[in-house]
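Before any comments, here is the structure.
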Protein chains: 2
Amino acid sequence: MDFSKRFQSLNKGIYLNKNNKKHGYLLTFCYDDMVKVLLIGISCDESLVTTVGKRVTIKDVAEAAELSITAVSQILNGKGERFPKATRDRVMAVRDKLGYVPNFNARSMINHSMKTVGIIVPNLVNPFFSTFLRGIQSAMYESECVPIILSADHNETLERYYLKTFIERGVDGVIIAGSAIENKGIKDLLQPIHISYLLFDQADPISGGDQIIVNDEHGGELATSHLIHAGHRKIAVVIPEQPSQNVKLRLAGYRHTLEQNQISFDPKLIFPTGLSKMGGRQIAADIIKSKATAVFSTNDEMAIGLIRGLQEADVRVPEDVSVVGYDDIDLDDYVTPRLTTIHQPIYDMGVWACQMIMSRLSTPELSPQLKMVDVSLKERNSVKRL
Amino acid sequence: MDFSKRFQSLNKGIYLNKNNKKHGYLLTFCYDDMVKVLLIGISCDESLVTTVGKRVTIKDVAEAAELSITAVSQILNGKGERFPKATRDRVMAVRDKLGYVPNFNARSMINHSMKTVGIIVPNLVNPFFSTFLRGIQSAMYESECVPIILSADHNETLERYYLKTFIERGVDGVIIAGSAIENKGIKDLLQPIHISYLLFDQADPISGGDQIIVNDEHGGELATSHLIHAGHRKIAVVIPEQPSQNVKLRLAGYRHTLEQNQISFDPKLIFPTGLSKMGGRQIAADIIKSKATAVFSTNDEMAIGLIRGLQEADVRVPEDVSVVGYDDIDLDDYVTPRLTTIHQPIYDMGVWACQMIMSRLSTPELSPQLKMVDVSLKERNSVKRL
DNA sequence: CTGAAAGCGCTAACAT
DNA sequence: ATGTTAGCGCTTTCAG
């Protein structure tokens, strides 16, 4: 190997840190492909004496293999059929020996593909979303793609900021779950620059984009009719303060199931609160005042908080008040009483979401994909038959 | 704007998809900076007729502002003091009008900084880690840095794969929580290529790297002595099957607190199980057989599962068996009985982890940083005084 | 069979 | 006050 060249490539003997600021001058000793470096000049304590492994580039591989950069590039990318097997093997061997790892940025600039999709969820701590994310991640892994997961707290400003971050970083696609931005806003942001996206938990009549549509209205019906069949007539509903599309659908299901059973809809029985366990807990007092005998909570987190709030007020569940949740998160089995809820195939929905966006990326001309998902009632112990 | 140039830049009239494969030829109509494109040639269904917004580059801005690329670059990066205010304003205006977003890849190649840190956790669904991640994310936001969060399921192969992904993508730093790989392995992987990393939940005597060290031994002592003071003498311990460093420390605390109180340590009272609610649930039967009157679960998830398992076997908590957990996740307040546990400042630990790695990135010559974190007992209702 | 050259979008040193 | 040039690491024509 050409020693002087090696030395030259070390920033002309000036040690730069990651920000390209000068730190001092170098004394270098070369061992194979590792360079032992001593820093001199500038106040330099012992911790500065460090081992710097110059990052191996394709050029290094080419030199070591005594081939052109082009040849190496093609061989390493499996496009080197034209080279004899011996050459190819040599290149592979050199790559392994040098520990060459391609520079992703350089590559992305040419490929126009980052193999990355951005994902925005409202809240990482909510097991609904973390389970969803696991589904996504496992499917991403299959496609050798990396998810960038950001949690936006239902905060529109933050969401826009993150979306901008994604754009700037050139992600290939975006999955947005439970967005605070209305659909059109997202469309205006993403469509002009040709980034594929998938809206989750938010039906979108305008977009020609891909969608996973959960039959939330059916979920609302299921929950409500279960309660009605158990003999309840005064059924409260807990919803998030900023109800998303799907919550509205659940509410619609509730409402028309009521009507089908000759129970008139009472808007006073609708209780908006924070989308969290704490929110559910805080609304308990109001629910008690309403004299409802049952509650349909449009999400499990709130249901679990509500149960705790009720119990703290010495109201027993389900003896005094029955509760039905929505989502079927893993926690439901671990609270007391175990929570009856509407089951959604959360993990699978993550997998599907990912598969859909991946297929759109590889085949952009695909016509819009829709995936319909149905839900079911999961009976446990939080509902009492009157 | 120069129309013909515009047209030219559209890939010479050939429409390429993201993979640079030819899709057909184009008919274009220009409106302002949006180009309406009709695709012709190649079998082309209607969904192919699409709107393509060419991504605006710095060159476009420069042309529109009638300036050199350099000038624009400097002005937009706040290094344009030498230009008169009028010029600067003009550039800004053009940028906004065109909606220019810098290409992150191109920039990273020069900066040698991705403003990205990779994060590996064992399990996203565990509220301990998701809370930790929220802390990280909020601190990252302050630094305009993006976390890439990957969940490795305690699987060493997966972890290595993700670490390799991080390297390849050139992240600036890595935070690894609850790793399955032993410390040396990580060091060998990351140190040669000069990527800063922080190990969390895993004391590392070898590394000269940064660390957050939780006083886990004290936590074990706290839990155990609380139980002993409540009159318990036969105290079982639940640990994960592959106990990490910190679990071992908690166990050490347990053990020597026992000895301080003249209770002999009985290895038969140590119960390894899966690190999940389900794991805790499954070990319940064994705990009951052991006749222990109290259990110290080295993590809350397992404790919550255990309580459910106990209840399913008609063993009452805390009347028959007392339980102390570890972590203080938000759930503890919502299970019945509410879980007495060891409190860790999880969210803050995320913030600190991030701050530490950020300061290392900006000042690589910093000597190794250590952050000591103490824990405390959080009393709730899962312990009975005998 | 192989390599030279162009260029992706951007920044920084160095003119003018 | 502004522009020219070189180059980051890589891939892709295209000409031997």
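Keep in mind the model is a prediction, meaning the values are calculated, not measured. Numbered from 1 within each chain, the chains take letters A, B, ... in sequence-line order.
- You'll find that the side chain of A/N103 is closest to D/dC10, out of D/dG3, D/dC10, D/dT12.
- In this structure the side chain of B/I176 reaches within 4.5 angstrom of the side chain of B/L163, judged on heavy atoms.
- In this structure, A/S73 reaches the D/dT11 phosphate: one of its side-chain N or O atoms is under 4.0 Å from OP1 or OP2.
- When the nearest nucleotides of DNA chain D are assigned to B/I69 and B/M109 by heavy-atom distance, the more 5′-ward of the two goes with B/I69.
- Here the P atom of nucleotide D/dT2 and the CD atom of B/E66 are 12 Å apart, to the nearest Å.
- Here D/dT2 is the nucleotide among C/dG7, C/dC10, D/dT2 with the atom lying nearest to any side-chain atom of B/F83.
- The side chain of B/A106 has C/dG9 as its nearest neighbour among C/dG3, C/dG9, D/dT11.
- Computed from coordinates, the B/K59 NZ to D/dG3 P distance equals 15 Å when rounded to whole Å.
- When rounded to the nearest whole Å, the span between CZ of B/R169 and P of D/dC10 equals 15 Å.
- Between B/F166 and B/I119, the shortest heavy-atom distance links the atoms CZ-N, 3.5 Å.
- One N or O on the side chain of B/R88 and one on the backbone of B/F83 form a donor-acceptor pair closer than 3.5 Å.
- A/R169 contributes a side-chain N or O that, together with a main-chain N or O of B/M114, makes up a donor-acceptor pair within less than 3.5 Å.
- B/T70 contributes a side-chain N or O that forms a donor-acceptor pair with the base of D/dT4 under 3.5 Å.
- The phosphate of C/dG9 has neither OP1 nor OP2 within less than 4.0 Å of any side-chain N or O from B/R107.
- Here the C1' atom of nucleotide D/dC10 and the CG atom of A/L67 are 16 Å apart, to the nearest Å.
- Picking from C/dC10, D/dC10, C/dG3 the nucleotide with the shortest atom distance to the side chain of B/T57 gives C/dC10.
- Nearest nucleotide to the side chain of A/T87, out of C/dT2, D/dT11, C/dA15: C/dT2.
- In this structure, B/L76 places its CG atom 8 Å from P of C/dT11, rounding to the nearest Å.
- The nearest whole Å value for the distance from the CD1 atom in B/I58 to the C1' atom in C/dA12 is 12 Å.
- Nearest approach of B/E159 to B/A152, heavy atoms of both residues: CG-CB, 4.0 Å.
- Between B/K79 atom NZ and C/dA13 atom C1' the separation is 12 Å, expressed in whole Å.
- One interatomic measurement links the two molecules: OH of A/Y100 to P of D/dG9, which rounds to 10 Å at whole-angstrom precision.
- In this structure, B/N77 reaches the sugar-phosphate backbone alone: every heavy-atom distance under 4.0 Å involves primed, P, OP1 or OP2 atoms, never a base.
- Closest to the B/P84 side chain, of the nucleotides C/dT11, D/dT2, C/dT2, is D/dT2.
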